[in-house]
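Note on naming: letters A, B, ... go to the chains in the order of the sequence lines (proteins, then strands), and numbering restarts at 1 for each one.
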Amino acid sequence: MIKVTGLVKRFGGTAVLDGIDLAIEQGEIIVVIGPSGTGKSTLLRCLNFLERPDAGRLTIGDLDVDVTRASRADILTARRRTAFVFQNYALFANKTALENIAEGLIVVNRWPKEKAHARAREILERIGLADKADAYPASLSGGQQQRVGIGRAMAAQAEVILFDEPTSSLDPEWVEEVLNLMKQLARERQTMLVVTHEMSFARDVADRVIFMEGGRIVEQGPPDQLFSSPQDPRTRDFLHKVLATQVTIDTPT
Amino acid sequence: MQVLDVDYMLGLVPILLRYLPLTLQMAAVGMALALVLACGLAVIRVLRIPGLNAATLLFISFFRGTPLLVQLFLFYYGLPQLLAFLTQINGITATIMGLTLHFSAYMAESIRAAIVGVDRSQTEAALSIGMTNGQLMLRIVLPQATRVAVPTLMNYFIDMIKATSLAFTLGVTELMGATQKEVAGSFLYFEAFITVAIFYWVIVELLAWFQRRLEIRLNEAYRR
């Protein structure tokens with residue numbers, strides 16, 4: 001289980017995260033939605049210390065720390081128990097698809113190279129890129145790169161995979177293959193915390209949807225409840241705006 | 001009187017060949033040491049390590065801001081007066097020392113630029129899977145920075161090979177020193193110096209050929 005309480009992050013004078021409390025059960029799929037600049041990505045980045053939070057408590061498994069006092073070792077532990085999928089893929093440009101996936105196993109988990117490569121091949125098979133094992137990122141499409149990015153996160157065998165707008169940089173033609181892979185992981189009950197603007201993904205896949213605004217969690221609940229009867233006017237307003245711009249095929253009631 | 005004494009020039013070739021290894025050794029050792037030192041200086045600059053950063057800036061400023069010849073004289077003639085244990089310093093050591101310090105100052109800046117140029121998101125990706133800063137540098141940043149830095153570093157290496165010729169001013173008999181000695185007996189200045197010039201030229205061209213091969217290999221990952 002992953003739990004944060006009272007998480008605060010300030011940039012300059014503004015609190016981008018203003019006291020976030022969140023608990024994620026094992027196997028749970030949570031989607032975070034909300035307007036741009038409301039701290040959704042910052043929340044993910046604070047969970048594995050890509051940003052240093054200013055206050056709060058973080059629990060991942062038996063790691064339980066005050067984030068402001070986290071030692072170097074605590075931070076490494078937190079990072080090893082979370083995996084991150086980046087908006088712009090952030091693949092290692094000097095390494096092949098296979099090496100990108102195996103890198104963490106070799107360097108961080110100290111697996112022998114053959115074992116790590118065997119595992120990486122299994123993962124490539126699962127993400128449908130077995131034939132691209134020796135391709136470098138520059139020669140892959142955006143969708144393929146992001147699938148390798150997800151494969152790299154899968155290899156880490158983390159308690160949770162954090163997805164930071166994984167389809168936002170993609171050309172429309174590649175979005176679906178990435179979402180399909182994420183759905184496949186969801187079916188396997190991989191614990192996921194996903195920041196996305198893909199409302200259909202939230203509705204179809206999430207166990208819980210969280211609406212954030214102004215650095216706070218405004219409202220949360222199961223997707224059908226949050227999408228069909230949002231309680232807070234801000235949630236209603238936001239959903240109204242985004243759903244109007246996305247093609248939705250609803251069955252008439 | 002003939003225009004060019006070709007026989008004299010051909011006769012000079014085997015003589016100069018004997019001194020070629022010393023020239024190459026000074027350049028190779030100087031380059032290896034300069035690379036290590038420059039990497040250290042560049043990392044200090046990138047991480048802005050307090051104290052060391054200021055010292056590094058001063059070091060770079062001095063060794064870029066003064067002529068190599070002056071630095072060589074300073075090491076060879078000047079330092080032994082200041083530090084008694086250096087009385088034994090020979091011309092070869094002083095040359096290597098001068099080349100190392102002088103060129104590392106230049107190289108540090110181009111290595112620093114190459115490190116800073118590596119895509120920041122890859123740094124975050126490496127940290128996100130739990131790499132330490134050291135692993136991040138060795139596995140992700142430096143290999144990519146190398147690719148960017150190689151063309152400029154090879155330029156400095158070429159420069160350094162030619163700069164070894166200054167060693168003759170410290171009494172070292174390398175390619176240039178040997179030519180000087182030969183010419184003192186023959187007075188065939190043009191023949192002697194054009195011969196040694198061709199020596200340097202050929203070395204540099206061989207190196208440029210190697211550089212092209214190396215760059216093709218380093219760019220392998222970036223072909224679409």
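Note on residues 86-141 of chain A: pairs passing ring-ring contact (aromatic ring centres under 6.0 Å, His included), not counting sequence neighbours, are A:Phe84-A:Phe86.
At a 4.5 Å heavy-atom cutoff, the contact between A:Asn94 and chain B is made by backbone and side-chain atoms alike. Only the side chain of B:Asn133 comes within contact range of chain A, judged by heavy atoms closer than 4.5 Å. For a residue to count as touching a neighbouring chain, one of its non-hydrogen atoms must lie under 4.5 Å from one of that chain's; by this rule A:Ala156 does not touch chain B. Neither the backbone nor the side chain of A:Leu162 comes within contact range of chain B; no heavy atoms are under 4.5 Å apart. Heavy atoms closer than 4.5 Å to chain B are found nowhere in A:Arg81, neither backbone nor side chain.
Residues of residues 41-71 of chain B having a heavy atom under 4.5 Å from any heavy atom of chain A: none. Scanning residues 134-167 of chain B against chain A with a 4.5 Å non-hydrogen threshold yields B:Gln135, B:Arg139, B:Ile140, B:Pro143, B:Gln144, sorted by number. Along residues 121-130 of chain B, the residues that come nearer than 4.5 angstrom to chain A, judged on non-hydrogen atoms, are B:Ser121, B:Gln122, B:Glu124, B:Ala125, B:Ala126, B:Leu127, B:Ser128, B:Ile129, B:Gly130 in order of number.
Of the residues considered (A:Ala90, A:Ala78, A:Ala153), A:Ala90 shows the highest number of contacts with chain B, using heavy-atom pairs under 4.5 Å. Across A:Asn88, A:Leu76, A:Val107, the residue that shares the most heavy-atom pairs under 4.5 angstrom with chain B is A:Val107. Ranked by heavy-atom pairs under 4.5 Å with chain B, the list A:Ala93, A:Ala135, A:Ala83 is led by A:Ala93.
Counting non-hydrogen atoms of neighbouring residues, nucleotides and ligands closer than 6.0 angstrom, the CZ atom of A:Arg52 exceeds 12 such neighbours. Around CD of A:Glu125, the count of heavy atoms belonging to other residues, nucleotides or ligands within 6.0 Å does not exceed 12. The number of heavy-atom neighbours closer than 6.0 Å to CZ of A:Arg189, taken from other residues, nucleotides and ligands shown, is above 12. Counted within 6.0 Å of CD on A:Gln26, heavy atoms from surrounding residues, nucleotides or ligands total 12 or fewer; the atom is thus considered open. Counting non-hydrogen atoms of other residues, nucleotides and ligands closer than 6.0 Å to NZ of A:Lys183 gives a total above 12. By the 6.0 Å contact criterion, CZ on B:Phe210 is open, its count of non-hydrogen atoms from other residues, nucleotides or ligands being 12 or less.
For the atom pair CZ (A:Arg79) and CE (B:Met131), the distance works out to 12.0 Å, reported to the nearest 0.5 Å. Atoms OG1 and CD, on A:Thr96 and B:Glu220 in that order, are 10.5 Å from each other to the nearest 0.5 Å.
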